[in-house]
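Remember, it's a predicted structure, so these values are computed and weren't measured experimentally. Throughout, protein chains are lettered first and strands after them, A, B, ... in sequence-line order, and every chain is numbered starting at 1.
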Amino acid sequence: MSVTVFHYVFLATVLFSIGAYGLLSSRNAVRMLMSIELMLNAANINLVAFSSYLGNLSGQAFAAFTIAIAAAEAGVGMAILLALYRNFRTVNLREIKELRW
Amino acid sequence: MMDSLVFFIISAVVIAGAVGVVMAERIFHAVLALALALLGVAAVFVTLGAEFLAVIQVLVYAGGVVVLFLFATMLTKSDLQLKRPPRGDELAPVSAVIFAIVALFYVASSGFASLGERASVIGSVGSVGGLIFNPQAYVIPFELVGLLLLAAMVGAIFLAKKEAAK
């Protein structure tokens, strides 16, 4: 049995679902950002898998852009988190009630 | 045969790391599990022939983003999970599981398996760099990503800086 693109898409789907579960169920802002990174990585696996199986390098170029944007997102997210922690002394999202509605 | 064995071992590592991120009781352990998952994704890129992206993945994620998460974990005080989840919290895991079932069913019923063998395209530094810096291809998106990174850096410094003493 050889590895087809289906296996990679399946792996990416499982990874994305775990990330979505963590994003929806976590109460800690750091864990939430980590779940977003998992979901972005699942998308990257899809891009590179189809790029590799279709013989088109564009997918890998887009994956490189995705990695750069994910790094920017992590940096800004972390800065927001630290500002939030300075104001509320917690990163528990259930306790931060201002600006929620 | 060898290929599929390697793929399944790497997949198991990636999934184990991802589950660790979601399930670990302490945030510090979750960050270590995230490093495992991200290195596993780099290995997945190697099996797909995307050498350049694998190197970038290790450099940017394992070297940069994970260290950023470690700093955020250590600079903030995070209590352990609450013992009793508040009301309405069951909705999130249930919707995530429903999403997983629907997505996996869609993937299983799609014709992806018939796409056949992997093409011999190799994502070396030269070929991907040639595509990104090709004026007919992606040089303008590349410059825009550079601008975005600069804006993110300035914004992050501005947000994280302590307010100046008045």
According to a 4.5 Å side-chain heavy-atom criterion applied to Ile, Leu, Val, Met, Phe, Trp and Tyr, with indirect links allowed, do B:Phe133 and B:Tyr138 form part of one hydrophobic cluster?
yes
Contacts of type ring pair (Phe, Tyr, Trp, His ring centres under 6.0 Å), residue B:Phe52, not counting sequence neighbours
none
Output the option from [options] having the highest count of non-hydrogen pairs under 4.5 Å with chain B.
options	value
A:Val14, A:Ile45, A:Asn44, A:Ile80	A:Ile45
A:Gly77, A:Ala68, A:Ser58, A:Ala29	A:Ser58
A:Leu23, A:Val30, A:Val76, A:Val48	A:Val48

Proximity breakdown for [X] and chain A, heavy-atom pairs closer than 4.5 Å:
X	result
B:Phe142	both
B:Ala37	side chain
B:Leu131	side chain
B:Val65	side chain
B:Met23	both
B:Leu38	side chain

Partner chain A: residue of [options] with the largest heavy-atom pair count (under 4.5 Å):
options	result
B:Val66, B:Val97, B:Thr47, B:Leu144	B:Thr47
B:Phe99, B:Phe69, B:Phe45	B:Phe69
B:Val14, B:Val6, B:Ile157, B:Val21	B:Val21
B:Leu68, B:Val31, B:Ile132	B:Leu68

Kindly write out the residues that satisfy side chain to side chain contact (heavy atoms under 4.5 Å, CB included) with A:Ala79, not counting sequence neighbours, or none if the list is empty.
B:Ala156, B:Leu159, B:Ala160
Could you report the tightest heavy-atom contact between [X] and [Y], atom names first, then the distance?
X	Y	result
A:Leu40	A:Ala70	CD1-CB, 3.6 Å
A:Thr13	B:Ala103	CG2-CB, 3.6 Å
A:Ala71	B:Val60	CB-CG1, 4.0 Å
B:Ala24	B:Ala30	CB-N, 3.7 Å
A:Arg31	B:Glu25	NH2-O, 3.6 Å

Need one label for A:Tyr8: side chain, backbone, both or neither, based on atoms under 4.5 Å from any heavy atom in chain B.
both
Identify which part of A:Met34 has an atom lying under 4.5 Å from any heavy atom of chain B, answering side chain, backbone, both or neither.
both
In terms of ring plane angle, is the pair A:Phe62 and A:Phe65 parallel, tilted or perpendicular, where the classes change at 30° and 60°?
perpendicular
Test item: A:Leu38 and B:Leu34 side chains (from C-beta on) under 4.5 Å apart, heavy atoms
yes
